[in-house]
A.B. asks: 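The structure's right below; bear with me while I get my questions together.
What you are looking at is a predicted structure, and each value in this text was computed from that prediction instead of being measured. Numbering starts at 1 and runs along the sequence shown.
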Amino acid sequence: MSLSSSTVVLLCALFAIVASVHSQADPGNGDNSATCPTESQFFDQVIDHTQQSSSHTFKQQYRLNTTTFKEGGPILFYQSPETVNLSCADKTVLADWAQELGGMVVTLEHRYFGLSLPFGNESYTTENLQYFTLENVMADAVTFMDIVKKNVTGAEVSKVIVVGGSYGGLLSAVFRQNYPDTFFGAWSVAGPFRGFGDADEAGPEAFNWFNYAQNIYARRSLESFTRINVSFAQVYSWLDSGNGSSLQQSLSLCSPPSNSSTDRTTLISWLTSAYVKLAQLNHLPKAFYNVTGPTLDTVINDTLSADSPIAAMNETLCHAYGLLAPNGCLNYTVSSDSSLGVETIPFTWVNCKWYPQNFALGINTIFGQGLTPTPSNPSTVCAEMFNTTQVTGAEVHSKYKITQQDIADSTRIIFSEGEYDPTTSISMPQSWLGDVVGTDLQKSVVIMINGIGHGQDVEPTDLDSPSVVAVSASYPP
Ligand SMILES: *[C@@H]1O[C@H](CO)[C@@H](O)[C@H](O)[C@H]1NC(C)=O
Ligand SMILES: *[C@@H]1O[C@H](CO)[C@@H](O)[C@H](O)[C@H]1NC(C)=O
Ligand SMILES: *[C@@H]1O[C@H](CO)[C@@H](O)[C@H](O)[C@H]1NC(C)=O
Ligand SMILES: *[C@@H]1O[C@H](CO)[C@@H](O)[C@H](O)[C@H]1NC(C)=O
Ligand SMILES: *[C@@H]1O[C@H](CO)[C@@H](O)[C@H](O)[C@H]1NC(C)=O
Ligand SMILES: *[C@@H]1O[C@H](CO)[C@@H](O)[C@H](O)[C@H]1NC(C)=O
Ligand SMILES: *[C@@H]1O[C@H](CO)[C@@H](O)[C@H](O)[C@H]1NC(C)=O
Ligand SMILES: *[C@@H]1O[C@H](CO)[C@@H](O)[C@H](O)[C@H]1NC(C)=O
Ligand SMILES: *[C@@H]1O[C@H](CO)[C@@H](O)[C@H](O)[C@H]1NC(C)=O
Ligand SMILES: *[C@@H]1O[C@H](CO)[C@@H](O)[C@H](O)[C@H]1NC(C)=O
Ligand SMILES: *[C@@H]1O[C@H](CO)[C@@H](O)[C@H](O)[C@H]1NC(C)=O
Ligand SMILES: *[C@@H]1O[C@H](CO)[C@@H](O)[C@H](O)[C@H]1NC(C)=O
């Protein structure tokens with residue numbers, strides 16, 4: 001892999017946008033708490049599952065908590081996603097279910113992320129990346145389940161429920177579809193399944209994310225939505241007239257943005273990201289600065305009460321990025337991506353190879369009104385960074401058994417989606433599963449949950465409304 005300077009610029013532009021999507025990369029991260037009650041361990045995992053009896057192995061990280069396990073109880077398996085830290089499933093609703101069902105809670109780190117590096121610090125070379133395939137990721141989980149069943153007394157015939165959120169929500173459904181004998185059921189929390197491929201293939205679905213994001217505000221408070229639009233219009237007007245100093249002063253920025261296309265894109269992505277995150281992570285005020293209640297309503301209330309739309313935007317930015325402002329000023333070139341734990345290099349590989357999500361900020365949104373429309377083609381990054389092409393959405397859907405037909409025929413997958421989460425716009429649509437009213441209890445279902453953010457149903461918080469408590473209580477298989 002080689003990283004030229006032009007690649008870095010491209011990456012920044014891409015990831016400023018992508019960052020807003022994966023702003024909570026792992027709904028099962030235990031609210032970003034550093035400590036997990038269950039210590040992690042390592043076992044020897046095969047590097048290349050296509051080789052029968054391969055002796056080449058690496059240390060893969062996992063957690064296993066059998067405290068509540070009773071003979072034959074379920075294995076509640078949380079697949080850790082694209083993060084630098086292994087998830088802590090003990091802090092998710094799975095722990096409650098394990099208690100109730102006599103189950104165990106198990107987590108496996110995703111290969112090539114965190115400490116599960118097949119070739120240590122040499123893992124991201126072209127030569128070594130060849131083992132970074134979705135086939136191997138699936139086989140890791142299958143192998144691990146076999147080991148758990150063998151090693152834990154009373155687990156030989158236990159049923160495995162695979163759970164994951166966000167990108168992990170895509171994985172959990174894919175695991176169930178491809179290894180139904182291993183994974184008895186799946187819970188796909190806020191998983192993305194649409195808007196894949198290059199601009200031509202993704203088509204209008206590439207715009208779903210930001211269209212949905214602005215609608216969250218419009219539905220919650222039309223007046224606040226209108227004020228946010230006015231603040232973006234002011235930003236574009238200052239950019240157009242080269243008035244960086246007004247931008248800097250009004251928005252507490254460390255430096256004045258120029259009108260170059262890079263600066264425009266970076267600034268707009270960063271501004272948009274603030275609004276997206278504060279809606280999507282409504283239930284996680286601790287992720288923000290000077291917020292105690294639900295974050296979406298905090299933004300809306302501030303927006304309505306501020307002296308002017310631009311003053312309201314300044315408040316919002318301080319909430320969104322204040323934790324990253326040691327000098328008291330906000331640096332619009334710094335996204336909170338890495339602080340939220342996404343590991344960009346391996347995740348870019350994932351984007352190129354089997355998760356080709358395409359996001360485009362439409363010029364018809366309040367956020368993108370002054371942008372030059374540019375087709376979003378993440379494949380450029382794949383070529384520059386890894387000398388590889390990007391997979392198409394059609395290939396992913398058919399190869400991993402998640403076409404509309406596959407999903408219509410699928411059993412025992414719960415797809416859960418939240419009202420304040422733009423991921424809902426690219427998640428599983430009800431239409432793929434057919435009629436809402438059915439009598440077949442084995443058939444997969446989509447569950448829409450009012451008033452929740454990204455993955456809030458897997459990770460209870462103090463801010464859970466009765467609708468969330470009720471739905472979490474209704475899931476256990
Ligand atoms: C295991 O799960 C139990 C029940 O959720 C929890 O109390 C405990 O802290 C977890 N970790 C360990 C090491 O027991
Ligand atoms: C990887 O780590 C080893 C041992 O710490 C070190 O000698 C080597 O230079 C590192 N390689 C790279 C590419 O960072
Ligand atoms: C499974 O049991 C074997 C033998 O006791 C042990 O060496 C190994 O570490 C265990 N593996 C896991 C993943 O717990
Ligand atoms: C947003 O503001 C722009 C510029 O003033 C205006 O043209 C557009 O109609 C507004 N959009 C909405 C949805 O209010
Ligand atoms: C700023 O950029 C916009 C869009 O590229 C352009 O329309 C405008 O003329 C530029 N303004 C200045 C002062 O360069
Ligand atoms: C920048 O904008 C401010 C506020 O709208 C205005 O007072 C000032 O004259 C503008 N400066 C330039 C150089 O356009
Ligand atoms: C921006 O908001 C912060 C935090 O509320 C405040 O301290 C600062 O005075 C505001 N700046 C402007 C120009 O309104
Ligand atoms: C903003 O952050 C970038 C990247 O970390 C850094 O290079 C730059 O110096 C910072 N700018 C200011 C004004 O602090
Ligand atoms: C925190 O927010 C409140 C309004 O919600 C505001 O009055 C106060 O100035 C803010 N404090 C800081 C340190 O930004
Ligand atoms: C927003 O304002 C409404 C109406 O004043 C109030 O009921 C609500 O508690 C406020 N929410 C937050 C998070 O500040
Ligand atoms: C990852 O874990 C380390 C050590 O436990 C912690 O300091 C850090 O904040 C964690 N990062 C995230 C993004 O949770
Ligand atoms: C890129 O890959 C192609 C084959 O896919 C190969 O022919 C070419 O040499 C590679 N380029 C570099 C710079 O590695």
Side-chain angles (χ1 to χ4, degrees), residues 22 24-29 62-63 74-83 86-89 92-95 97-98 103-111 113 134-145 148 158-194 196 347 350 354-355 357 396-397 399-403 406-407 409-418 421 423-424 426-428 432-433 442-447 449 454-459 471-472 475-477:
H22 297 286
Q24 191 200 15
D26 180 12
N29 68 359
Y62 70 97
R63 288 188 222 275
I75 298 173
L76 303 174
F77 170 53
Y78 191 88
Q79 172 61 56
S80 196
E82 72 274 26
T83 48
L86 176 61
S87 314
C88 179
T92 69
V93 73
L94 299 189
W97 296 357
M104 69 174 101
V105 175
V106 193
T107 317
L108 179 65
E109 187 156 65
H110 196 301
R111 62 162 56 201
F113 286 91
L134 182 51
E135 285 73 11
N136 275 332
V137 172
M138 290 193 281
D140 285 348
V142 170
T143 306
F144 181 53
M145 289 302 106
V148 169
S158 286
K159 289 175 172 141
V160 179
I161 307 296
V162 56
V163 180
S166 215
Y167 160 60
L170 169 69
L171 289 182
S172 60
V174 164
F175 285 14
R176 163 77 187 137
Q177 286 295 86
N178 290 274
Y179 288 92
D181 294 342
T182 298
F183 303 104
F184 180 78
W187 179 16
S188 167
V189 183
F193 294 90
R194 291 179 291 151
F196 289 178
F347 196 48
V350 169
W354 62 87
Y355 172 41
Q357 189 77 62
V396 172
H397 283 133
K399 194 166 175 197
Y400 301 112
K401 305 195 170 88
I402 50 170
T403 63
D406 293 327
I407 295 298
D409 296 341
S410 73
T411 56
R412 294 194 292 270
I413 305 176
I414 292 174
F415 298 94
S416 67
E417 307 172 8
D421 182 5
T423 314
T424 294
I426 49 172
S427 287
M428 190 56 67
W432 283 30
L433 281 149
Q442 304 300 309
K443 202 166 148 56
S444 302
V445 291
V446 173
I447 297 182
I449 308 163
H454 190 55
Q456 190 176 348
D457 46 341
V458 77
E459 193 173 313
V471 81
S472 297
Y475 283 158

A.B. asks: For Phe184, enumerate each residue passing the ring-ring contact (aromatic ring centres under 6.0 Å, His included) test, keeping only those at least two apart in sequence or located in another chain.
C.D. replies: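 Counting only residues at least two positions away or on another chain, Phe184 forms no ring-ring contact (aromatic ring centres under 6.0 Å, His included).
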A.B. asks: Could you tell me which non-hydrogen atom of Val396 sits nearest to which non-hydrogen atom of Ile402, and how far apart they are?
C.D. replies: O-CG1, 4.1 Å
A.B. asks: Of all heavy-atom pairs between Gly455 and Ala190, which one has the smallest distance, and what is that distance?
C.D. replies: N-CB, 4.4 Å
A.B. asks: How far apart are the closest heavy atoms of Phe193 and Gly169, and which atoms are they?
C.D. replies: CZ-O, 3.8 Å
A.B. asks: Going by the rule ring-ring contact (aromatic ring centres under 6.0 Å, His included), which residues pair with Tyr62 if we only count those two or more places apart in sequence or in a different chain?
C.D. replies: Phe43, Phe144
A.B. asks: For Ala98, give me all partners under side-chain contact (heavy atoms from CB on, under 4.5 Å), at least two apart in sequence or on another chain.
C.D. replies: Thr68, Leu76, Val105
A.B. asks: Quick one: list whatever passes side-chain hydrogen bond (donor to acceptor under 3.5 Å, both in side chains) with Ser87, sequence neighbours left out.
C.D. replies: Asp26, Ser80
A.B. asks: Please round to the nearest 0.5 Å and tell me the distance separating atom CH2 of Trp432 and atom CZ of Phe415.
C.D. replies: 9.0 Å
A.B. asks: Write down the atom of Ile447, the atom of Ile414, and the distance for their closest heavy-atom approach.
C.D. replies: CD1-CG2, 4.0 Å
A.B. asks: Hey, does the side chain of Gln79 reach the backbone of Gly165 with a donor-acceptor pair shorter than 3.5 angstrom?
C.D. replies: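 No, the answer is negative, given that no donor and acceptor are paired below the 3.5 Å cut-off.
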A.B. asks: How would you list, by chain and number, every residue that makes a side-chain hydrogen bond (donor to acceptor under 3.5 Å, both in side chains) with Thr182, sequence neighbours excluded?
C.D. replies: none
A.B. asks: With sequence neighbours excluded, what pairs up with Arg63 under the salt bridge (Lys or Arg N to Asp or Glu O under 4.0 Å) test?
C.D. replies: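 Result, salt bridge (Lys or Arg N to Asp or Glu O under 4.0 Å) vs Arg63: none returned.
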A.B. asks: Name the residue from Ser427, Ser172, Ser416 that meets the side-chain contact (heavy atoms from CB on, under 4.5 Å) definition with Val189.
C.D. replies: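 Of all the options given, the one that passes is Ser416.
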A.B. asks: Could you check if a side-chain atom of Val350 sits within less than 4.5 angstrom of a side-chain atom of Glu82, using non-hydrogen atoms only?
C.D. replies: no
A.B. asks: Kindly compute the distance separating CG (Leu86) from CD (Glu109), expressed to the nearest 0.5 Å.
C.D. replies: 5.0 Å
A.B. asks: What's the spacing between Tyr355 OH and Leu170 CG if we round to 0.5 Å?
C.D. replies: 7.0 Å
A.B. asks: Do Val174 and Lys401 have side-chain heavy atoms sitting under 4.5 Å apart?
C.D. replies: no
A.B. asks: Could you pull out all residues at least two apart from Lys399 that satisfy salt bridge (Lys or Arg N to Asp or Glu O under 4.0 Å)?
C.D. replies: Glu135
A.B. asks: Would Tyr400 and Leu134 count as a side chain to side chain contact (heavy atoms under 4.5 Å, CB included) if you check the C-alpha gap in whole Å, the side-chain angles of each, and the deciding distance to 0.1 Å?
C.D. replies: CA-CA 9 Å; Tyr400 301 112; Leu134 182 51; 3.7 Å; yes
A.B. asks: What closest approach, in Å, do Ser410 and Ile407 show between heavy atoms, and which atom pair accounts for it?
C.D. replies: OG-O, 2.7 Å
A.B. asks: What do the steps show when you test Ile75 against Ile161 for side chain to side chain contact (heavy atoms under 4.5 Å, CB included), and what is the final call?
C.D. replies: CA-CA 6 Å; Ile75 298 173; Ile161 307 296; over 6 Å; no
A.B. asks: Whether the side chain of Glu417 engages the backbone of Met428 through a donor-acceptor N/O pair (distance < 3.5 Å, no angle test) should be reported.
C.D. replies: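 Answer holds: yes.
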A.B. asks: Taking only residues two or more places apart in sequence or in another chain, which ones pass side-chain hydrogen bond (donor to acceptor under 3.5 Å, both in side chains) with Trp354?
C.D. replies: Tyr167
A.B. asks: When you look at Leu108 and Met145, which way does the side chain to side chain contact (heavy atoms under 4.5 Å, CB included) test go after all the steps?
C.D. replies: CA-CA 10 Å; Leu108 179 65; Met145 289 302 106; over 6 Å; no
A.B. asks: Tell me every residue that passes salt bridge (Lys or Arg N to Asp or Glu O under 4.0 Å) with Arg176, counting only those two or more places apart in sequence or in another chain.
C.D. replies: none
A.B. asks: With no hydrogens and no angle check, is any side-chain donor or acceptor of Gln442 less than 3.5 Å from a backbone partner on Arg412?
C.D. replies: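 Checked: no pair found.
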A.B. asks: According to ring-ring contact (aromatic ring centres under 6.0 Å, His included), who are the partners of Phe77, at least two apart in sequence or on a separate chain?
C.D. replies: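 Phe77 satisfies ring-ring contact (aromatic ring centres under 6.0 Å, His included) with no residue once adjacent residues are dropped.
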A.B. asks: For Gln357 and Ile426: C-alpha separation, side-chain torsions, deciding distance, then whether side chain to side chain contact (heavy atoms under 4.5 Å, CB included) applies.
C.D. replies: CA-CA 9 Å; Gln357 189 77 62; Ile426 49 172; 3.5 Å; yes
A.B. asks: Enter the distance from Leu94:CG to Trp187:CH2 here, rounded to the nearest 0.5 Å.
C.D. replies: 6.5 Å
A.B. asks: Evaluate Asp421 against Thr424 for side-chain hydrogen bond (donor to acceptor under 3.5 Å, both in side chains), listing each step before the verdict.
C.D. replies: CA-CA 6 Å; Asp421 182 5; Thr424 294; 4.8 Å; no
A.B. asks: Would you say His397's side chain and Phe196's backbone share a donor-acceptor pair under 3.5 angstrom?
C.D. replies: no
A.B. asks: Could you work out, with salt bridge (Lys or Arg N to Asp or Glu O under 4.0 Å) as the rule, every residue matching Asp140, not counting sequence neighbours?
C.D. replies: Arg111
A.B. asks: How long is the span from the CD atom in Gln177 to the OG atom in Ser444, to the nearest 0.5 Å?
C.D. replies: 7.0 Å
A.B. asks: With sequence neighbours left out, what residues match Thr107 under side-chain hydrogen bond (donor to acceptor under 3.5 Å, both in side chains)?
C.D. replies: none
A.B. asks: Within a strict 4.5 Å, meaning less than it, do heavy atoms of the Ile449 and Gln456 side chains meet?
C.D. replies: no
